[in-house]
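Down below is the structure, laid out as structure tokens.
Model, not experiment: these values are computed from the prediction.
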Amino acid sequence: MASFPFELVSPERVLFSGNVDSVVVPSAEGEMTVLANHAPFMSAVRPGVVTVDGGKRLFVRGGFVDVNAMGLTLLAEQAIPVEEIDREKVAADMKMAEDELRAASTDEARTLATEKIAALSAMMAAVRS
Amino acid sequence: MPSLKDLRNRIASVKATQKITKAMQMVAAAKLRRAQMAAEAARPYAQKMEAVLANLGAGVSGADAPRLLAGTGSDQVHLLVVCTAERGLCGAFNSSIARLAREHINRLQQAGKTVKILCVGRKGYDILKRQYDKQIIDVIELRAVKQIGYVNADEIGQRVMTMFANGEFDVATLFYSQFKSVIAQIPTAQRIIPAEIPVSAASSTATYDYEPDEATILSSLLPRNISVQVFRALLENAASEQGARMSAMDNATRNAGEMIKKQTQKYNRTRQAMITKELIEIISGAEAL
């Protein structure tokens, strides 16, 4: 199988950089597998799991994928390898977010809390599977 | 003529100061390594972001471009985000950023523009408040933050975004110090709103598929870009601060060493002079008998 360069970068560090055969990306409109020689493509990312070569799994939240002749670049606002996710911390954060949602008085705060919950539940799902 | 005791005290106090500056230098060196690594780790993201923006920005232009990219159409009200350190004793680091900001402010004021200042870091505020107290709208302190994370930058970014959305300013400029090396930090002014899009060469010729459409992506990418730029500025600043402190403290330690040497010499001379004097007194006393 032909391989192509893939880079996963978050603002704090480069999480993955190297040649891969396939990458599954949780794009805004559904999961998508990118193989070599993909057409130039750009999409937003929703919270979910990036699977590299069917093995290595990384959780990403917020960001963009950019596919071009130079390879695949994923700019994630937050990215963490699935095995490094702390299950208890996620659960605690979840509880906090739920409290926030209940306490939210403005529409804005409510949307923010809902988004947080969505991201956290995606994280939970990533740990479980 | 200071007495021997005075000299001894002076030497002791300079030695104590030297110990402190030496310790500060070593702490700064250790912190610098970490800060430099963080700054370098953040670079790929900012670079990729720039490349993506360049690609996108070339496609979307004209009247339908988002306001973050095209601006509000006027440049009457300027927001200056001045990023400095929380602590002093780092050479000319804070004052050189403040000086650059001050030059900028004066130029804008002479042109009849309104200036608003948002200070990030206590020290910049301390310097600027003397002259521009009325223009400063707020101070964001990062004193409690040990290692600057993206979250901190995002908060500042969100704040700037909200102000822009409320129409509180037209142009935003970011002031920070770029880290070149331990001895060279360059105070830099960078315009963040409207975004400065680097002109890309051949890469924009490729036809992209967008999902969702171009405008949606661009409108969520631009606010993020601001946070990223702020983040990069903060990291560069952190590295520069430690670098500046390191070289300032190195100088201080060396100066203290020189001072100790001089004072010790003076102390020894005085001591010897006194001994000689006493001896002469004893000898001449014995001769008189």
Tell me, side chain or backbone of Val65(A) under 4.5 Å from chain B's heavy atoms, or both, or neither?
neither
Is chain A contacted by the side chain of Met49(B), its backbone, both, or neither, given a heavy-atom distance below 4.5 Å?
both
Hey, what do you get for NZ (Lys48(B)) to CG (Leu75(A)), rounding to the nearest 0.5 Å?
8.0 Å
Does Asn37(A) CG have over 12 foreign heavy atoms under 6.0 Å away?
no
Would you say that more than 12 heavy atoms from the other residues, nucleotides or ligands in this model lie under 6.0 Å from the NZ of Lys116(B), or not?
yes
For residues Ile217(B) and Met42(A), determine if any side-chain heavy atom of one lies less than 4.5 Å from a side-chain heavy atom of the other.
yes
So do the side chains of Phe231(B) and Glu12(A) get within less than 4.5 Å of each other, counting heavy atoms only?
yes
Region of Ala69(A) in contact with chain B, defined by heavy-atom distances below 4.5 Å
neither
Does Glu83(A) CD have over 12 foreign heavy atoms under 6.0 Å away?
yes
Could you tell me the separation between the CD atom of Glu77(A) and the OH atom of Tyr45(B), rounded to the nearest 0.5 Å?
6.0 Å
Which portion of Ser10(A) sits near chain B, non-hydrogen atoms under 4.5 angstrom:
backbone
At a heavy-atom separation under 4.5 Å, does Leu235(B) approach chain A through its side chain, its backbone, both, or neither?
neither
Flag the one option from Gly63(A), Ala39(A), Ser17(A) with the top tally of heavy-atom pairs under 4.5 Å to chain B.
Gly63(A)
